[in-house]
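The first residue in the sequence is number 1, and the count goes up from there. Values below: every heavy atom of this structure, side chains too, minus hydrogens, waters and symmetry copies.
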Amino acid sequence: MTQVAHALNLLGLGLSVGVACSYVVTLGALFNRLVRQRDWDFFSERYGPFRTQTKAKLKYGLITPAGQILLALGSLLANWHDRPLAPQALAVLVFPLYYLLLHWPSGFARVEEKLNSGGRLEEPEVTTYLRWNLPLHVVLGLLYMATFVSCALAV
């Protein structure tokens with residue numbers, strides 16, 4: 001059971017690395033382009049309704065971060081006595097720490113939610129979005145990767 005929990009933790013972390021990196025080169029790059037062009041209709045008429053109708057926010061949240069955190073917590077509970085504690089605890093805390101120390105304080109979380117819900121951004125919000133969107137997701141991907149490596153090497 002402990003090996004399965006550890007493998008699932010690595011799977012969740014690996015998936016989270018992939019989601020963050022994929023976002024940077026696909027949807028994140030597209031969103032930056034659309035924000036630079038002030039194409040608010042895309043967000044209000046297409047993306048916002050799509051996100052609502054498909055429950056994309058909920059589904060995404062269940063995979064990462066919530067799913068990853070639950071897999072990491074399960075691995076921590078199963079392996080606390082067999083594997084080094086720090087990498088396992090980091091796997092549980094990596095997203096909450098990122099969110100509380102970077103995503104939310106930067107002001108990006110509020111602006112991102114407004115845009116993704118179909119709202120039109122004001123000029124200061126455009127600046128915040130373009131300043132933080134891709135760099136924050138790169139940092140998140142790197143944090144997940146470092147956590148993945150530390151957990152994979154923790155024997």
Exercise for the section: May I ask whether Leu153 and Leu71 are part of the same hydrophobic cluster, defined by side-chain heavy atoms of I, L, V, M, F, W, Y residues being less than 4.5 angstrom apart, directly or through others? Expected result: no
Exercise for the section: Flag the pair Leu10 / His6 as yes when at least one side-chain heavy-atom distance between them is below 4.5 Å, and no otherwise. Expected result: yes
Exercise for the section: With sequence neighbours left out, write down each residue that passes ring pair (Phe, Tyr, Trp, His ring centres under 6.0 Å) with Phe148, or none if nothing qualifies. Expected result: none
Exercise for the section: Give the minimum heavy-atom separation between Ala109 and Trp104, together with the two atoms involved. Expected result: CB-CA, 4.1 Å
Practice task
May I ask whether Leu73 and Leu15 are part of the same hydrophobic cluster, defined by side-chain heavy atoms of I, L, V, M, F, W, Y residues being less than 4.5 angstrom apart, directly or through others?
Solution key: no
Exercise for the section: Can you sort out the partners of Ser106 under side chain to side chain contact (heavy atoms under 4.5 Å, CB included), two or more places apart, ordered by chain and number? Expected result: Phe108, Trp132, Leu136
Report all side-chain donor-acceptor pairs from residues 59-68 shorter than 3.5 Å, counting only partners two or more places apart or in another chain.
residue	atom	partner	partner atom	Å
Lys59	NZ	Thr54	O	2.9
Thr64	OG1	Ser16	OG	3.0
Gln68	NE2	Ala91	O	2.8

Problem - Pairwise distance OG(Ser150) to CE(Met145) - rounded to 0.5 angstrom - result: 11.5 Å
Completion exercise
Across all chains, not counting sequence neighbours, the ring pair (Phe, Tyr, Trp, His ring centres under 6.0 Å) partners of Tyr47 are Phe31
Completion exercise
Closest non-hydrogen atoms of Ala5 and Ser75, given as atom of the first, atom of the second and distance, are O-CB, 3.4 Å
Exercise for the section: Indicate, with yes or no, if Val149 and Val17 share a hydrophobic cluster defined by side-chain heavy-atom contacts under 4.5 Å among Ile, Leu, Val, Met, Phe, Trp and Tyr. Expected result: yes
Problem - Shared hydrophobic cluster for Val111 and Leu27 (ILVMFWY, side-chain gaps under 4.5 Å) - result: yes
Practice task
Indicate yes or no: at least one non-hydrogen side-chain atom of Leu140 is less than 4.5 angstrom from one of Phe95.
Solution key: yes
Handout entry: Smallest separation among heavy atoms of Cys151 and Leu13, with atom names
Key = SG-CD1, 4.1 Å
Handout entry: Interatomic distance, Asp41 atom CG to Leu34 atom CG [nearest 0.5 angstrom]
Key = 10.5 Å
Completion exercise
Residues passing the side chain to side chain contact (heavy atoms under 4.5 Å, CB included) test with Arg38, sequence neighbours excluded, are Trp40, Glu123, Val126
Handout entry: Residues which pass side chain to side chain contact (heavy atoms under 4.5 Å, CB included) with Val4, listed by chain and number, not counting sequence neighbours
Key = Leu8
Exercise for the section: Could you name each residue pair satisfying salt bridge (charged side-chain N to carboxylate O under 4.0 Å, His left out) that touches residues 110-120, not counting sequence neighbours? Expected result: Arg51-Glu113, Lys57-Glu113, Arg110-Glu125, Lys114-Glu125
Exercise for the section: Any chance you could measure Asn116, atom CG, to Thr52, atom OG1, to the nearest 0.5 Å? Expected result: 10.5 Å
Problem - Pair listing, salt bridge (charged side-chain N to carboxylate O under 4.0 Å, His left out) test, anchored in residues 129-146, at least two apart - result: none
Exercise for the section: Say whether Tyr144 and Tyr99 are linked into one hydrophobic cluster, either directly or through other cluster members, by side-chain heavy-atom distances under 4.5 angstrom. Expected result: yes
Exercise for the section: Any pair with a residue in residues 25-37 that passes side-chain hydrogen bond (donor to acceptor under 3.5 Å, both in side chains), sequence neighbours left out, goes on the list, sorted by first then second residue, please. Expected result: Asn32-Asn133
Practice task
Identify, with sequence neighbours excluded, every residue that meets side chain to side chain contact (heavy atoms under 4.5 Å, CB included) alongside Thr2.
Solution key: Ala78, Asn79, Asp82
Practice task
Could you tell me whether the side chain of Ile69 reaches within less than 4.5 Å of the side chain of Val94, counting heavy atoms only?
Solution key: no
Problem - CG-CG distance between Leu70 and Asn9, expressed to the nearest 0.5 angstrom - result: 11.0 Å
Practice task
Return the set of residues passing side chain to side chain donor-acceptor pair (under 3.5 Å) with Gln53 (not counting sequence neighbours), or none when no residue passes.
Solution key: none
Fill in the blank from the handout: Distance col, row Leu85:CG vs Leu90:CG, nearest 0.5 angstrom, shows 11.0 Å
Fill in the blank from the handout: Separation between OH (Tyr129) and CG (Leu115), nearest 0.5 Å, reads 5.5 Å
